[in-house]
Amino acid sequence: FEMAEHYKTNYETVLSWYGNLVLPMEFLVLQGLPLIGPIAASLQPHIHGQIQDLFEDFSDDELLRLFEENDYVREQFIVFAKQTIRQVSERKRCYDFLGRENLMLVKQEGNYRLCIADVGIFEFNILSSQKVAQIDHRMNRLTSLFELAKRI
C-alpha cells in the first residue's frame with residue numbers, strides 16, 4: 001500500500017508540473033504470489049501509433065524542423081522545457097527525463113504529441129555525482145532547444 005501511495009504521489013506531482021502532457025494513470029494493490037503478499041501496480045491507456053524518445057531518437061535539427069512544421073508539438077515542448085528548467089534550477093527535485101521513452105513523441109494518424117509516461121522524480125540530495133552530470137548534460141541540450149524553439 002505504501003508503494004502504491006508513493007507512486008500515486010509522484011504521479012500527482014508530475015501531473016501538477018506538466019498537466020496534460022502526463023498520461024492518465026491508475027494505481028492498484030494486487031494480490032501477489034503466496035509468499036510475497038500484495039504488490040503495487042499502475043495502469044495507463046495503451047498508446048497506439050509510433051512511439052519515439054524525444055531526446056534519444058531525434059537530432060536537434062530534426063526536432064527544430066518538427067517544431068517549425070508543428071506548432072502544437074512546439075508549444076508542448078516549450079511548456080515541458082520551461083517547467084523542467086525551473087525544477088532543475090531549484091536543485092531540489094525534478095522529473096526523471098533521462099529514462100528511455102519517459103518523454104515520448106507519439107505519432108498517431110499523422111499527428112504528433114508529446115507524452116510523459118513515467119512519473120519518476122529525482123531527488124537531488126540523494127543523487128550520485130554521475131546522475132547529476134547526466135541531468136546537467138541533458139539540460140544543456142534542453143535549454144538550447146528551448147531557446148531556439150521560442151524563436152520559431
Testing Ile78, Asn140, Leu54, Asp60 for side chain to side chain contact (heavy atoms under 4.5 Å, CB included) with Leu145, which one passes? Asp60

Pair Ile121, Trp17 - check side chain to side chain contact (heavy atoms under 4.5 Å, CB included), show working. CA-CA 11 Å; Ile121 295 175; Trp17 291 341; 4.3 Å; yes

How far does CZ of Arg141 sit from OG1 of Thr143, to the nearest 0.5 angstrom? 12.0 Å

If you measure from CG on Leu66 to CG on Asp61, what distance do you get to the nearest 0.5 Å? 12.5 Å

Mind jotting down which residue pairs meet the side chain to side chain donor-acceptor pair (under 3.5 Å) criterion with at least one end in residues 126-139? Sequence neighbours excluded, please. Glu56-Arg138, Arg91-Asp136, Lys131-Gln134

Please lay out, stage by stage, how Val79 and Glu75 fare under the test side chain to side chain contact (heavy atoms under 4.5 Å, CB included). CA-CA 6 Å; Val79 166; Glu75 290 168 11; 5.8 Å; no

Rounded to the nearest 0.5 angstrom, the CD-OH distance for Gln44 and Tyr11 is 8.5 Å

So how far is it from Ile47 CD1 to Arg113 CZ, rounded to the nearest 0.5 Å? 6.5 Å

Scan side-chain atoms only and decide if Thr13 and Tyr95 contain a donor-acceptor pair under the 3.5 Å cut-off. no

Do you reckon Tyr7 sits in the same ILVMFWY cluster as Leu21, going by side-chain contacts under 4.5 Å, direct or chained? yes

Of the non-hydrogen atoms in Asp53 and Glu101, which two are nearest, and what is the gap between them? OD2-N, 2.5 Å

In Å and rounded to the nearest 0.5 Å, what is the CG to SG distance from Asn102 to Cys115? 12.5 Å

Are the side chains of Leu114 and Leu105 in contact, using a 4.5 Å heavy-atom criterion? yes

Taking a hydrophobic cluster as the set of Ile, Leu, Val, Met, Phe, Trp and Tyr residues connected by side-chain heavy atoms closer than 4.5 Å, whether directly or through intermediates, do Leu103 and Leu64 fall within one such cluster? yes

Parallel, tilted or perpendicular, as decided by the 30° and 60° cut-offs, for the rings of Phe97 and Phe80: perpendicular

Answer yes when Asp118 and Arg100 have at least one side-chain N-carboxylate O distance shorter than 4.0 Å, and no when they do not. no

I'd like to check Thr84 versus Phe146 (side-chain heavy atoms, cut-off strictly below 4.5 Å). Are they in contact? no

Please say yes or no: joined through hydrophobic side-chain contacts below 4.5 Å, possibly via intermediate residues, are Leu98 and Val22 part of one cluster? yes

Can you tell me how the ring of His48 sits relative to the ring of His46, calling it parallel under 30°, perpendicular over 60° and tilted otherwise? perpendicular

Is there a path of hydrophobic side-chain contacts, each under 4.5 Å between heavy atoms of I/L/V/M/F/W/Y residues, joining Leu148 to Phe58? yes

With the side chain counted from C-beta on, respond yes when Met3 and Val29 share a heavy-atom pair under 4.5 Å apart, and no when they do not. no

Can you see which heavy atom on Pro45 is nearest to which on Pro24, and at what distance? CD-O, 3.4 Å

Ring-ring centroid check Tyr112 Tyr72, cutoff 6.0 Å: no

Side chains of Asp71 and Arg74, heavy atoms from C-beta outward: is any pair under 4.5 Å? yes

For residues Lys107 and Gln52, determine if any side-chain heavy atom of one lies less than 4.5 Å from a side-chain heavy atom of the other. no

Look at atom CD of Gln31 and say whether more than 12 heavy atoms of other residues, nucleotides or ligands are closer to it than 6.0 Å. yes

Consider only side-chain heavy atoms of I, L, V, M, F, W and Y, link residues closer than 4.5 Å, and tell whether Ile39 and Phe27 are in one cluster. no

Between Leu142 and Met139, is any pair of side-chain heavy atoms under 4.5 Å apart? yes

With side-chain hydrogen bond (donor to acceptor under 3.5 Å, both in side chains) as the test, pick out the partner of Glu90 among Lys92, Arg93, Arg86. Arg86

With rounding to the nearest 0.5 angstrom, report the CG to OG distance, Leu23 to Ser42. 11.0 Å

Please determine whether the number of non-hydrogen atoms from other residues, nucleotides or ligands lying under 6.0 Å from atom NZ of Lys150 exceeds 12. yes

Glu68, CD atom: more than 12 neighbouring heavy atoms under 6.0 Å: yes

